[in-house]
Protein chains: 2
Amino acid sequence: MRDAELTRQKILEISADEIHKNGFIATSLSCILARCEVSKGALYHHFKNKMELGYAVFEEIYTPMFLELWQPAVEVEDPIEGLCEFFTAMYEEGSCDEIVCGCPLNNLCQEMSAIDEGFRLRILNMQQQLNQLISLNLQRVASQLRDDIDVSQVAYFIVASFHGSSSLSKSSKNKDLFEKVIKELCSYIRHLRIS
Amino acid sequence: MRDAELTRQKILEISADEIHKNGFIATSLSCILARCEVSKGALYHHFKNKMELGYAVFEEIYTPMFLELWQPAVEVEDPIEGLCEFFTAMYEEGSCDEIVCGCPLNNLCQEMSAIDEGFRLRILNMQQQLNQLISLNLQRVASQLRDDIDVSQVAYFIVASFHGSSSLSKSSKNKDLFEKVIKELCSYIRHLRIS
DNA sequence: TTTACAACCTACCTATCGGTCGGTTAGAAT
DNA sequence: ATTCTAACCGACCGATAGGTAGGTTGTAAA
């Protein structure tokens with residue numbers, strides 16, 4: 001057989017890239033097909049329709065990518081510094097294009113949550129996983145933290161601020177505002193410690 | 001004359017509502033026309049094309065709405081408490097629909113910044129105006145604040161977190177996560193004070 | 001009363017979208 | 001060598017989008 005799995009994977013990866021750049025709705029199948037050098041028949045052989053392709057991208061590309069990205073940041077001895085280094089590395093090392101494209105999770109949340117229940121539930125699930133990952137690791141070092149904090153609330157706030165910062169950098173089209181907000185986010189995170 | 005200005009205003013207001021609910025691209029002119037009970041010819045008499053209609057909505061509806069919303073929150077004697085009360089009122093008084101639709105500025109920033117320069121510049125301008133509004137008023141009470149803070153950085157962070165919280169509430173489809181993040185945001189804002 | 005033009009109407013245009021369907025082809029199994 | 005089917009192809013479809021053009025109407029000014 002012609003390597004079906006390779007075709008499927010190529011479609012998924014290029015779709016993930018296109019969706020990241022243009023959003024789900026604005027991403028046209030014809031554009032994906034052109035980049036993949038694959039026919040429409042091939043795509044519809046592997047995926048029932050555009051929505052199912054979107055779900056597959058979310059589950060098979062974005063979800064593992066996300067967990068692999070955040071886990072090391074937070075599963076170190078000191079999650080406070082781990083998070084700060086993670087965010088700092090983002091504006092120091094990330095290319096401007098990457099930053100301006102925003103976080104795929106946040107982008108899809110904004111675009112699709114209200115109009116498609118399948119996306120909404122997948123996004124909500126991812127957000128809860130991410131929240132638990134962060135809050136469990138903050139809880140782990142609770143003895144070092146101020147006693148007036150609610151770790152789950154803090155975890156949601158951190159993610160929200162991060163997403164807000166990537167939104168800001170879209171309109172400025174450079175890293176400056178992103179960097180500003182991330183710096184303040186790090187300052188906030190460090191203030192969680194007993195001072 | 002048949003009241004041209006009234007027609008124009010009706011188109012603007014209904015467009016603002018539709019764009020808030022569906023986003024700019026997903027908002028169809030035919031849908032606007034149906035709600036306005038106005039013909040396509042009338043719309044194209046008042047606006048050159050869809051993009052120009054979008055710009056007009058941004059400038060004539062969203063911009064003044066935004067300034068009227070944030071100004072009173074921050075131009076009180078105590079902007080720290082002013083902001084906290086403003087945010088708190090948002091989840092206590094705001095309808096669930098309103099909250100789940102998100103902030104129009106953030107929505108358009110996410111959707112349009114990358115694909116249309118006209119929108120991007122208008123959004124950036126609005127964000128800078130908003131930042132100045134907040135940072136000037138924080139500066140005003142600088143003597144009450146910690147001396148390690150950068151008011152502009154703090155102002156961007158506040159707006160980013162607020163936008164991030166509205167993004168979160170979209171996927172949860174209720175106010176719970178919104179409320180959580182807003183509470184933490186208020187806690188953060190109050191910690192700006194010398195303790 | 002006539003004129004002139006802003007204001008408005010409607011039928012139509014083209015482009016593009018997601019999706020379908022009948023047919024072809026590669027290659028493993030018999 | 002033949003058969004069978006997963007894998008793939010591409011012309012075509014209907015729906016809808018934004019946009020246009022030519023005609024009509026209301027009304028203020030001359």
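In what follows, every chain begins at residue 1, and chains take the letters A, B, ... in the order their sequences are listed.
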**OP:** Only counting residues at least two apart or in another chain, list the ones meeting side-chain contact (heavy atoms from CB on, under 4.5 Å) with A:S165.
**Re:** A:F162, A:F178, A:V181, A:I182
**OP:** Would you give a per-nucleotide map of nucleotides 13-20 of chain C, 5' to 3', where B means the base has a protein non-hydrogen atom under 4.0 Å away, S means only the sugar-phosphate does, and - means neither?
**Re:** ----SBBB
Original post:
Do B:K170 and B:N107 meet the criterion of a side-chain donor-acceptor pair at a distance under 3.5 Å?
Top reply: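 Their side chains do contain a donor-acceptor pair, which is all the 3.5 Å distance test asks for.
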Original post:
Between the side chains of A:N125 and A:Q129, is a donor N or O closer than 3.5 angstrom to an acceptor N or O?
Top reply: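 Yes - a donor-acceptor pair under 3.5 Å links their side chains.
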**OP:** Report yes if a side-chain nitrogen or oxygen of B:H45 is closer than 4.0 Å to either non-bridging phosphate oxygen (OP1 or OP2) of C:dC8; otherwise report no.
**Re:** no
Original post:
Between A:H46 and D:dC8, is there a side-chain N or O to OP1/OP2 distance below 4.0 Å?
Top reply: yes
To the nearest Å, give me how far apart [atom1] ([X]) and [atom2] ([N]) are.
{"X": "B:E52", "N": "D:dG19", "atom1": "CD", "atom2": "P", "value": "10 Å"}
{"X": "B:E5", "N": "C:dA6", "atom1": "CD", "atom2": "P", "value": "16 Å"}
{"X": "A:Q9", "N": "D:dA7", "atom1": "CD", "atom2": "P", "value": "14 Å"}
{"X": "B:F47", "N": "C:dC8", "atom1": "CZ", "atom2": "P", "value": "11 Å"}
{"X": "B:E37", "N": "C:dC9", "atom1": "CD", "atom2": "P", "value": "11 Å"}

Original post:
For residues 13-22 of chain B, which residues have at least one heavy atom under 4.0 Å from DNA chain C?
Top reply: none
Subject >> Qualifying ring-ring contact (aromatic ring centres under 6.0 Å, His included) pairs with a residue from residues 102-125 of chain A, counting only residues at least two apart or across chains >> reply: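 Found A:F24-A:F119, A:Y55-A:F119.
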Original post:
A:I123, A:I115: one ILVMFWY side-chain cluster at the under-4.5 Å cut-off?
Top reply: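 As far as the 4.5 Å side-chain criterion goes, A:I115 and A:I123 are connected within one cluster.
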**OP:** Would you please name every residue forming a side-chain hydrogen bond (donor to acceptor under 3.5 Å, both in side chains) with B:S161, sequence neighbours left out?
**Re:**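 With sequence neighbours excluded, B:S161 shows a side-chain hydrogen bond (donor to acceptor under 3.5 Å, both in side chains) to A:S161, given in chain and number order.
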Original post:
Among pairs that include at least one residue of residues 63-86 of chain A, which meet side chain to side chain donor-acceptor pair (under 3.5 Å), considering only residues two or more places apart or in two chains?
Top reply: A:D78-A:R193, A:E81-A:R190
**OP:** Considering only NZ, NE, NH1 and NH2 on the basic side and carboxylate oxygens on the acidic side, decide whether A:D17 and A:K21 come within less than 4.0 Å.
**Re:**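 A salt bridge is present here (some side-chain N lies under 4.0 Å from a carboxylate O).
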